Amino acid sequence: MLSLFPAVPELPEGFRYFPDFISPHEEAELLETVTGLELHPFLFQGFEARRKVKSYGHDYNFDSRTIQKGKEIPGG
């Protein structure tokens, strides 16, 4: 039978898929952690993007074109 989509999806070169990479319990913990983060709007050259972000390690300021030390990576 002909199909619009291949039976085995074509993946980009270098892409790897790992089914069940994390357990359902780990997924729930991760979701709880991410949901509890205080996110802020992403600003790029004076414009606010339609997304919110949280940075760790270092922050890049697009207005001043500088890198600043940011918050430590949790658990790191």
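In this text, all values refer to a predicted model and were calculated from it rather than measured experimentally.
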Any chance [atom1] of [X] has more than 12 other-residue heavy atoms, nucleotides or ligands included, within less than 6.0 Å?
X: Glu29; atom1: CD; result: yes
X: Glu32; atom1: CD; result: no
X: Lys54; atom1: NZ; result: yes

Joint cluster assignment, [X] & [Y], ILVMFWY side-chain distance < 4.5 Å:
X: Leu37; Y: Ile73; result: yes
X: Phe42; Y: Ile67; result: yes
X: Tyr56; Y: Leu39; result: yes

* Is any side-chain heavy atom of Gln68 closer than 4.5 Å to a side-chain heavy atom of Tyr60? ->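 Side chain of Gln68 against side chain of Tyr60, heavy atoms only: no contact under 4.5 Å found.
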
* Asked: Measuring from Lys71:NZ to Asp59:CG, what's the distance to the nearest 0.5 Å?
  ->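 The distance works out to 9.5 Å.
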
* Check whether any side-chain N or O of His40 sits under 3.5 Å from a backbone N or O of Lys52 as a donor-acceptor pair, and report yes or no. =>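 Not at all, since once roles are kept as given, no pair shorter than 3.5 Å links the two residues.
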
* Is it true that Arg51 and Glu48 have a side-chain N and a carboxylate O under 4.0 angstrom from each other? ->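 The answer is no: the pair does not qualify as a salt bridge.
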
* Phe18 and Phe21 aromatic ring geometry - parallel, tilted or perpendicular at 30°/60° bounds ->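 Ring orientation, 0 to 90° scale: tilted.
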
